[in-house]
There are 2 protein chains.
Amino acid sequence: MITLSIPKDSGFGLANLPYGVYSVGGAAPRVGTRVGDTVVDLALVLAAEDPGAEALFATDSLATFMSTGPAKWAQVRETLQRVLAGEVPKEALHPVASVRMHLPCEFADYVDFYASEHHASNLGRLFRPDNPDPLMPNWKHLPVGYHGRSSTIVESGVDIVRPSGQRKGPGDEEPTFGPSTRLDIEAEMGFIVGVGNEMGSRISVDDASTHLFGAVIFNDWSARDIQAWEYVPLGPNLGKSFASSVSPWVVPMAALADAKVSTPTQDPTPLPYLHMDDPWTLDVDLEVEWNGQVVSRPPFRTMYWSPAQMLAHTTVNGARTRTGDIFASGTISGPDKEQRGAFIELTWGGKEPIQVGGEERTFLQDGDTITIRATAPGANGERISFGEVTATILPTPPLRP
Amino acid sequence: MITLSIPKDSGFGLANLPYGVYSVGGAAPRVGTRVGDTVVDLALVLAAEDPGAEALFATDSLATFMSTGPAKWAQVRETLQRVLAGEVPKEALHPVASVRMHLPCEFADYVDFYASEHHASNLGRLFRPDNPDPLMPNWKHLPVGYHGRSSTIVESGVDIVRPSGQRKGPGDEEPTFGPSTRLDIEAEMGFIVGVGNEMGSRISVDDASTHLFGAVIFNDWSARDIQAWEYVPLGPNLGKSFASSVSPWVVPMAALADAKVSTPTQDPTPLPYLHMDDPWTLDVDLEVEWNGQVVSRPPFRTMYWSPAQMLAHTTVNGARTRTGDIFASGTISGPDKEQRGAFIELTWGGKEPIQVGGEERTFLQDGDTITIRATAPGANGERISFGEVTATILPTPPLRP
């Protein structure tokens, strides 16, 4: 038995305790938490405390645990905070550098929102320059969102192959086919549903906390040239569906209690089903690193619509949600240029390049590595880390088959 | 042992042999086929022929069988055609009226296309009356589609609760919230992927047949008032996500060999990745019944884009597909008014009511029942039936919680 060392300011103290799926060598993946630079196996460390720990955590997905609901989530978190402050069995511990992280679960339905006023305004100006109002008439009345592709959400570290597709530039007579020349990122937060709702019921904004299990960093890779040509009138499809990347550690909503802040003022007042007595969102600071250089610091607290409003909107028509549903916020962009979470905004459609590694850059080149990190205030003055989501762009290979 | 009686012209002869998941009483669901008015249990009827039959068919989903691939699909079909022509064990048979049918599998990703030129043109005229061309510039270059919600695809017979949501009429100052007043159907065909592709690979049009397992009838319920307010710029969301209904019997693509016909001429010539040497689609005739009265007969053969082109387009950016992916064609509308597969077209936005049961009707009222049936030509002069997908509209209940 040994006592865990928790480096001060690691972001992974006892106020955090995120959940993730890890494996060591060729062993089967299992559920763990992270404390400092150590991954702790939950089935092993909780075996003496909870006879159900093996069934919940000796498995390759968070789904079983997430489906147990908020009372069990709270009990496990409380037990972990007590157990990990004492001596723990050595065989439950692995250096974080020695493990491979996997997707936290198989994702069910995935919805991507568009909840940043600054992002939506910037894109409105870029995609529809002739419109006097960059925001569409519906934007301040409902959290606009669309369904995305679950099968291509991949874990941090998986390389992203540059997608091919149709695009048609303003001067082109006909569309052409080829690798995207405007490959972009979208720095977002993702929220995972632990307990869903039945068809015909809804989740109210005030009830969202009992359904939301936790949050991750989400990079919604976007091929702007493919997107611009395809998206009218039914929305983005192949410009987005080739890949999204998620960070492996799911920070439980309970760890984010001290990160709650008010949303920006919502004017006009939303319809009652979107009304929050206590309009909370999360004070999460992101940073986007392009080939090792921080190029943007998007602030989640500036998002117009809150996670609870996104979930309430998704279900207000009676749609059901399931354990493992994920919804993402849409690009997080603050009011300042260096807070923009997509390169199309940061470089104003490619017309205002930025300096990366001493070169002028606009969109992604093959070999580029993007890493997004995020932190939030936690209990006892601790900082909560979401870890990171990272990926490198690979060139388009000759298409198979 | 008894010999199956196969009523002539039943649509479920030995040229069809669809696959579905059934249960009897409180027993666990299992995989069966349908011959005439008899459901045949596949694990039992194939036990003596195939030692793997129990693992493939004594289960509540077609997924395991679908994932085995086209060689196994062909072998099982051939065996069934031989075995079912002889004497079969009585315990493998159930009258179709005595079973409950379930979803054929848990659906993975769901994409809805927009592949009928007549439908897209009609909706263009209705939603964007000021545009000189009802089709968007991209429409004839790519099969426009968007991702929908997998969790709300339900089996035939499940009632559909009228959804609530935001809508804003042309004369409204502000959006209002309430039950949809323009609830509609979309008569479509759905195609289920048996064997998917890896990320970074694609499925070519010519290879689609080795991935497509079978086809169903698909009703994409649509709340036109919610859709009209929300859909710009990211496409339909809550106007569609509350429910879609599928027919329970999956007709294998092998049963549809005699239903192959040419697509309409595609002009301009599609880009090479959408080019088909043999541009086949399916000669499926649908009929839409509103409270027992046939109001429309949409012809699938008039669809501009083919199922193979839809699948090739979905994967051309390297997106993976999985066993249980489903994509639907979009509303099937022929050139004639009585061939339109959605009421918004059939009643021209509600301005030209039709007679249903002696009343003037536009959109769906509570208590209405919609049944869609479909048939296609099969081998040996047999007609292939897809069965039916039916559902009744329930009033919006007081919202829970």
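Chain letters run A, B, ... following the sequence lines, proteins first and then strands; every chain starts at 1.
- Partner of A/Ser241 under the side chain to side chain donor-acceptor pair (under 3.5 Å) criterion, out of B/Asn317, B/Asp109, B/Thr314: B/Asn317 alone.
- At a 4.5 Å heavy-atom cutoff, the contact between B/Arg128 and chain A is made by side-chain atoms alone.
- With a 4.5 angstrom heavy-atom cutoff, A/Leu234 touches chain B via backbone and side-chain atoms both.
- Of the atoms belonging to B/Asp112, not a single heavy atom falls under 4.5 Å from chain A.
- In B/Glu106, the CD atom is not crowded: 12 or fewer heavy atoms of neighbouring residues, nucleotides or ligands sit closer than 6.0 Å.
- Highest contact tally toward chain B, considering only A/Thr176, A/Leu142, A/Val144, A/Val161, is held by A/Leu142 [criterion: heavy-atom pairs under 4.5 Å].
- The minimum heavy-atom distance linking A/Val316 with B/Leu238 is given by the pair CG1-CD2, 3.6 Å.
- For the set A/Val232, A/Asn138, A/Leu394, A/Asn237, the count of heavy-atom pairs under 4.5 angstrom toward chain B peaks at A/Asn138.
- Rounding to the nearest 0.5 Å places CD of B/Glu174 at 9.5 Å from OG1 of A/Thr269.
- Most heavy-atom pairs under 4.5 Å with chain A, from the set B/Pro268, B/Ala319, B/Pro163: that is B/Ala319.
- In this structure, B/Gln166 contributes its side chain and A/His141 its backbone to a donor-acceptor pair below 3.5 Å.
- The greatest number of non-hydrogen atom pairs below 4.5 Å with chain A, out of B/Ala120, B/Pro137, B/Gly124, B/Ala108, is found for B/Pro137.
- Using a 4.5 Å cut-off between heavy atoms, B/Leu135 makes no contact with chain A at all.
- With a threshold of 4.5 angstrom between heavy atoms, B/Val111 approaches chain A through side-chain atoms but not through N, CA, C or O.
- Put simply, of B/Pro175, B/Gly239, B/Gly165, B/Pro272, the one with the most heavy-atom pairs under 4.5 Å next to chain A is B/Pro175.
- For a residue to count as touching a neighbouring chain, one of its non-hydrogen atoms must lie under 4.5 Å from one of that chain's; by this rule B/Tyr273 touches chain A with the side chain only.
- Atoms CZ and CG, on A/Phe177 and B/Leu274 in that order, are 8.5 Å from each other to the nearest 0.5 Å.
- Residue contact with chain B, scored on non-hydrogen atoms closer than 4.5 Å, is absent for A/Asn197.
- At a 4.5 Å heavy-atom cutoff, B/Pro179 makes no contact with chain A through either its backbone or its side chain.
- Contacts with chain A (heavy atom to heavy atom, under 4.5 Å) involve these residues of residues 145-156 of chain B, listed by number: B/Gly145, B/Tyr146, B/His147, B/Gly148, B/Arg149, B/Ser150, B/Ser151, B/Thr152, B/Val154.
- Looking at A/Phe242, the atoms closer than 4.5 Å to chain B (heavy atoms on both sides) sit in the backbone and in the side chain alike.
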